[in-house]
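Just below is one structure, and these are the notes that go with it.
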Amino acid sequence: MRAAPTILHLDMDAFFAAAEQASKPSLRGKPVVVGGLGPRGVVATASYEARRFGVHSAMPMGQARRLAPNAAYLVPRFAFYRAISGQVMGLLGRLSPLVEPLSLDEAFVDLEAGGLADDSASARAVGERLRAEILATTGLTGSVGLAGSKMLAKIASEEAKPDGLVLFEPGTERALLAPRSVRIIPGVGPATGDHLRRAGITTVADVVEAGEDELVRILGRSHGASLYRMALGHDGRPVVAERDAKSVSVEDTFDIDLHDRSRIRLEVERLAERCVERLRRSGHSGRTIVLKVRRYDFSTLTRSETLRGPTDDPLVVREAAERLLELVDTTGGVRLLGVGVSGLADYTQEDLFAQAEAEAGAGGDEGGGRAEAGGGVAPSVAAVAAPPTATETATRRWAPGNDVRHAVLGAGWVQGSGLGRVTVRFEEPGSTAPGRVRTFSVDDPELEPADPLPLVPGGVTGTEPAAPVVRTGD
């Protein structure tokens, strides 16, 4: 534990939903839910107005709609959120060389390492200045927690929400923690919480009273001893500037189960290409290709193939993913597909760039055709896989929340679409009043998708290169 509250935790307030409200004046002060809008979608973020109805992150979208039927339901604009997150992380980087991002909207900062704070007064001044800079730069608010440890800094930022700052003075840890639920301690999830509850331990004070020996008996030596130290407020975990990337992956959940094998193969090809794009943006290559398939009955299968060396070649990754697909029974339907690359390195094994071509030349069955029983040759996947239907294309093109531009009416966003029509509200982030609403045919030549507008003059849009989605080890 530190003698001064020089560990800062920043958590942006309802980040995705707040970004949507800031860019759409008609939604300010109203319930907004961002997430997958299909029957299997889940809530990514809910605005504070929507939370009053009981809507929260990870809730099935169908349940959210029942709780808040009049809320605005929007698809996520991840490129836009990543661009804003990049600005926020840039501000944090000016405070200290030790910044530990946890997600797009959350990070720890070691102020002591940056030489900006060595007591409560200086730490509070840095935190308040950061909140002001975030608002001026992005138009959004963030909550700040300051304490002598990561655990307490995170608890403080949660208490500061929304748009506040809470500082816990070192030396007050035990009194602050004692009445709180044991679930507030890092590493205590639902299973451990239930285990402790059955033993009569529900608060942090109960943990201290039980003692280390009893906790070790209940949870085992490592977990029990760690929990006891945390309950006493002893958290010596450092702020780590970089976490080693373990894998890069992408996945899609489908509103309707996919049954056609050719369509499934086509989706795997697309996922492989998207995965390689993210892999290259992260500056990595990888040796192990992973395919994830969630079937109609929610059973999830993963298959992997390790190459001779690291690669970032899209053809190599795609064909490896296709080979893995051959090992999976998709009878009955597929609801989710994912492609990932692990075993990351910062170099590429050059001879792998020609691997697919060499295998095809050697008579492998992964080229443009496959030998079939009876001596026939199957046409290539591209030739037989049906492209997305017109309805699927329109749904993706005119999804609620997406940005559009009309040749005459200017910038707007999609409120909804269906039956060959799309309804658009024409307004911009700087508008002082809700914009007007118009309805068009989905193939209106004067209406087209557009890039997001910046939330503040001179701010970022979603046109910057998106940061890679990199999974990290815990």
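Values reported hereafter were calculated over all heavy atoms of this structure, with side chains retained and with hydrogens, waters and symmetry mates removed.
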Are the charged groups of [X] and [Y] less than 4.0 angstrom apart, N to O?
X	Y	answer
Arg131	Asp13	no
Arg94	Glu133	no
Arg270	Glu267	yes

Kindly state each residue pair satisfying side-chain hydrogen bond (donor to acceptor under 3.5 Å, both in side chains) with at least one member in [range], sequence neighbours excluded.
range	value
residues 181-194	none
residues 330-343	Arg261-Thr330, Asp329-Thr331
residues 51-60	none
residues 217-227	Glu214-Arg217

Among all residues two or more places apart in sequence or in another chain, which pass the salt bridge (charged side-chain N to carboxylate O under 4.0 Å, His left out) test with Arg180?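 Listed in chain order: Glu159.
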
Go through Val32 and Glu49 one step at a time and tell me if the side-chain contact (heavy atoms from CB on, under 4.5 Å) criterion holds. CA-CA 7 Å; Val32 174; Glu49 296 85 358; over 6 Å; no

Residues forming a side chain to side chain contact (heavy atoms under 4.5 Å, CB included) with [X], sequence neighbours excluded:
X	result
Ala22	Leu140, Leu455
Asp297	Arg295, Ser299
Leu336	Glu251, Thr253, Lys292, Arg294
Ser103	Asp105, Glu106

With sequence neighbours left out, the residues meeting side-chain hydrogen bond (donor to acceptor under 3.5 Å, both in side chains) with Ser122 are Asp119

Show me the donor-acceptor pairs within less than 3.5 Å that the side chains of residues 232-239 make with the rest of the protein, sequence neighbours left out.
residue : atom : partner : partner atom : Å
Asp235  : OD1  : Arg237  : N            : 3.2
Asp235  : OD1  : Arg237  : NE           : 2.9
Asp235  : OD2  : Met151  : N            : 2.9
Asp235  : OD2  : Arg237  : NE           : 3.4
Asp235  : OD2  : Arg237  : NH2          : 3.0

Any luck finding a side-chain donor-acceptor pair between Glu305 and Thr288 under 3.5 Å? no

Do Ile7 and Leu146 have side-chain heavy atoms sitting under 4.5 Å apart?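 No, too far: nothing below the 4.5 Å cut-off.
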
Once ring-ring contact (aromatic ring centres under 6.0 Å, His included) is applied, do any residues pair with Phe108, and if so which ones, sequence neighbours excluded?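 ring-ring contact (aromatic ring centres under 6.0 Å, His included) list for Phe108, sorted by chain: His9.
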
